[in-house]
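Quick note: numbers below take in every heavy atom, side chains included, and nothing from hydrogens, waters or symmetry partners.
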Amino acid sequence: MSVKFDVKLTADDMYRFNMHHAYTSLQGILSLVMGAFIIGVIVLSGQFHDIGTAAPYIALALVFLLYIPMTLRFRSKRQILMSDILKNVLHFELNEEGVVVTSEGEQGEQATLPWEYVYKAVTTKTNFLIYSNRVNAYIVPKEQVKDQLPAIYEMFEKHVEAYRLKIKK
């Protein structure tokens, strides 16, 4: 049995993956905590009566809260535009060997990720992520494969250890 589907990644898909990856890491969590902490200090402290005194702290809070999302937005657009592989449709096949991904275009490259090397598989609100290591993942937008999601999940549940799966159906 095999499951085949095609995916066309957009900059928004890449952005959502990068945001998920950033804000499930220590750096992303700390940036949120620091931004909230600085805003809390401004609000709770009685020393910031005028805007001139509070402005540097507000600017610092905005840096903590907005820097990562803004840089990820630009990076995601650039990743899609600069990659010959990501510009094209990706053909996925889940078979007994693993996850086979073939790209269209001039290069027409093929990569196989054997089931035993799937680092983890994660569902987010909009994506199904197939990690090959801690950082790199194949991004499968759920909207593009919504009819095949049950079969995709079934293949992963059959071939990947349960502790590596974070699938919410």
ask   = Taking the hydrophobic residues Ile, Leu, Val, Met, Phe, Trp and Tyr, and joining any pair whose side-chain heavy atoms are under 4.5 Å apart, which ones share a cluster with L30?
value = L26

request  = Tell me, please, which residues at least two apart from E143 pass side chain to side chain donor-acceptor pair (under 3.5 Å).
outcome  = K146

query = What class does the angle between the rings of W115 and F156 fall in, given that below 30° is parallel, 30 to 60° is tilted and above 60° is perpendicular?
reply = perpendicular

inquiry  = I'd like to check the salt bridge (Lys or Arg N to Asp or Glu O under 4.0 Å) partners of K8; sequence neighbours left out, ordered by chain and number.
reply    = none

task = Kindly give the heavy-atom pair with the smallest separation between G28 and S31, and that separation in Å.
result = O-OG, 2.8 Å

ask   = For M82, which residues count as a side chain to side chain contact (heavy atoms under 4.5 Å, CB included) partner, sequence neighbours excluded?
value = R78

Without placing hydrogens or testing angles, list every side-chain donor-acceptor pair under 3.5 Å for residues 66-76, not counting sequence neighbours.
unit_1, atom_1, unit_2, atom_2, d
T71, OG1, Y67, O, 3.0
T71, OG1, I68, O, 3.0
R73, NH1, D12, OD1, 2.8
S76, OG, Y15, N, 3.3
S76, OG, N18, ND2, 3.0
S76, OG, L72, O, 2.7

message = Using the side chain to side chain donor-acceptor pair (under 3.5 Å) criterion, which residues pair with E157? Sequence neighbours excluded.
response = K169

For residues 131-142, which side-chain N or O atoms pair as donor and acceptor with protein atoms under 3.5 Å away, sequence neighbours left out?
unit_1, atom_1, unit_2, atom_2, d
N133, OD1, V135, N, 2.9
N133, OD1, N136, N, 2.7
K142, NZ, T124, O, 2.6

key: Test side chain to side chain contact (heavy atoms under 4.5 Å, CB included) applied to K87 - qualifying residues, sequence neighbours left out   = D84

task = Examine distances only and state if a side-chain atom of T123 and a backbone atom of K168 form a donor-acceptor pair shorter than 3.5 Å.
result = yes

ask   = Do other residues, nucleotides or ligands put more than 12 heavy atoms under 6.0 Å from the OH atom of Y153?
value = yes

Pair L9-V7, side-chain contact (heavy atoms from CB on, under 4.5 Å): steps then yes or no = CA-CA 6 Å; L9 288 179; V7 168; 3.9 Å; yes

key: Residue pair I85 / E109: nearest heavy atoms and the distance that separates them   = CD1-OE1, 3.8 Å

With sequence neighbours excluded, residues passing side chain to side chain contact (heavy atoms under 4.5 Å, CB included) with V33 = I29

remark   = Tightest non-hydrogen contact, residues D6 and Q144, listed as O-OE1, 4.1 Å

key: Interatomic distance, I80 atom CD1 to T10 atom OG1 [nearest 0.5 angstrom]   = 7.0 Å

request  = Output all residues satisfying side chain to side chain donor-acceptor pair (under 3.5 Å) with E97, sequence neighbours left out; order by chain, then residue number.
outcome  = none

ask   = With sequence neighbours excluded, what pairs up with S2 under the side chain to side chain contact (heavy atoms under 4.5 Å, CB included) test?
value = K4, E93, N95

ask   = In this structure, are over 12 heavy atoms from other groups packed under 6.0 Å from E96 atom CD?
value = yes

ask   = For residues 20-43, which residue pairs qualify under ring pair (Phe, Tyr, Trp, His ring centres under 6.0 Å), counting only residues two or more places apart or in two chains?
value = F17-H21

